[in-house]
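What you are looking at is a predicted structure, and each value in this text was computed from that prediction instead of being measured. A, B, ... follow the sequence lines: proteins, then strands. Residue 1 opens every chain. Reckoned from all heavy atoms, side chains included, excluding hydrogens, waters and symmetry mates.
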Amino acid sequence: DAKTTQPPSMDCAEGRAANLPCNHSTISGNEYVYWYRQIHSQGPQYIIHGLKNNETNEMASLIITEDRKSSTLILPHATLRDTAVYYCIVRGYNAGNMLTFGGGTRLMVKP
Amino acid sequence: NAGVTQTPKFQVLKTGQSMTLQCAQDMNHNSMYWYRQDPGMGLRLIYYSASEGTTDKGEVPNGYNVSRLNKREFSLRLESAAPSQTSVYFCASSELQGALNYGYTFGSGTRLTVV
């Protein structure tokens, strides 16, 4: 699976959009970009995933660049409850490909 | 709507003791996983079961054994616990076939301390 690079930490004001970047320059054609988050002491929570098109769900939006070498997770109106570690993971779409967690980005949402 | 259930939630063991961590999912997922997370670190895969009847080693399998008891249950056993196995253990399940792939669902974790 392709390696990802994320900033170790970010701050965001409550109510503003949080934009979390991820670089995955070695991504291959059949690999998806997944985002998970882990709120303190809890199990990781799936947020969103995509292949090459932008995706949106009730939690977030995922913007993938045209060359697929980077992506941005957008939380449109961050709340204090969005404070968490956010993991960007790239993996193939079959049972043989495991989730490999890197260091992630620690997002702190401030009042 | 339980998802992935892990038991126990907390456990303290003495060095050399054995124990089994239990995991059950009610989503009819084919694949199940065991991860460990050390303080301030990301998750590392211990073992996984791609489907009922199969198990494979992950990144850090030494000191552990697993059993995929049936489609619902996947247990992790520590035969002789060591202080280095002090960690939070997460079980997860996933269904990778088809378009409706919502990724992995994780349990709430088992916090294990080996003294």
- Message: Do A:Ile89 and B:Tyr33 sit in one hydrophobic cluster, given that two such residues count as connected whenever their side-chain heavy atoms are within less than 4.5 Å of each other, even indirectly?
- Response: yes

- Side chain, backbone, both or neither of B:Gln6 within contact of chain A (heavy atoms, under 4.5 Å): neither

- Query: Would you say A:Ile74 and A:Tyr86 are hydrophobically clustered, going by side-chain heavy atoms of ILVMFWY under 4.5 Å?
  - Reply: no

- Proximity breakdown for B:Arg111 and chain A, heavy-atom pairs closer than 4.5 Å: side chain

- Task: Select all residues of residues 101-111 of chain A having any heavy atom within less than 4.5 Å of some heavy atom of chain B, and report them by number, or 'none'.
- Result: A:Phe101, A:Gly102

- Item | ILVMFWY cluster, A:Ile63 and A:Ile27 together (side-chain gap under 4.5 Å) | no

- Item | Residue B:Arg77 excluded, over 12 heavy atoms near CZ under 6.0 Å | yes

- Query: Under 6.0 Å from the CE atom of B:Met27, do we count more than 12 heavy atoms belonging to anything else shown?
  - Reply: yes

- Specify the closest pair of heavy atoms between B:Phe90 and A:Gln42, including all atoms of both residues, with the distance to one decimal. CZ-O, 3.6 Å

- State the OG1-CD distance between A:Thr100 and B:Glu59, to the nearest 0.5 angstrom. 7.0 Å

- Does the side chain of B:Phe106 come within less than 4.5 Å of A:Tyr36's, by heavy atoms? yes

- Query: Shared ILVMFWY cluster between A:Ile48 and A:Met10, side chains joined below 4.5 angstrom?
  - Reply: yes

- Query: Is the side chain of A:Tyr34 donor-acceptor paired with the backbone N or O of B:Tyr104 at a distance under 3.5 Å, no angle test?
  - Reply: no

- Task: Following the transitive rule for hydrophobic clusters with a side-chain heavy-atom cut-off under 4.5 Å over Ile, Leu, Val, Met, Phe, Trp and Tyr, establish whether B:Leu13 and B:Tyr89 coincide in one cluster.
- Result: yes

- Pick one of side chain, backbone, both or neither for B:Leu45, based on which atoms fall under 4.5 Å of a heavy atom in chain A. side chain

- Message: Can you tell me how far apart OG1 (B:Thr105) and CD (A:Gln45) are? Round to the nearest 0.5 Å.
- Response: 10.0 Å

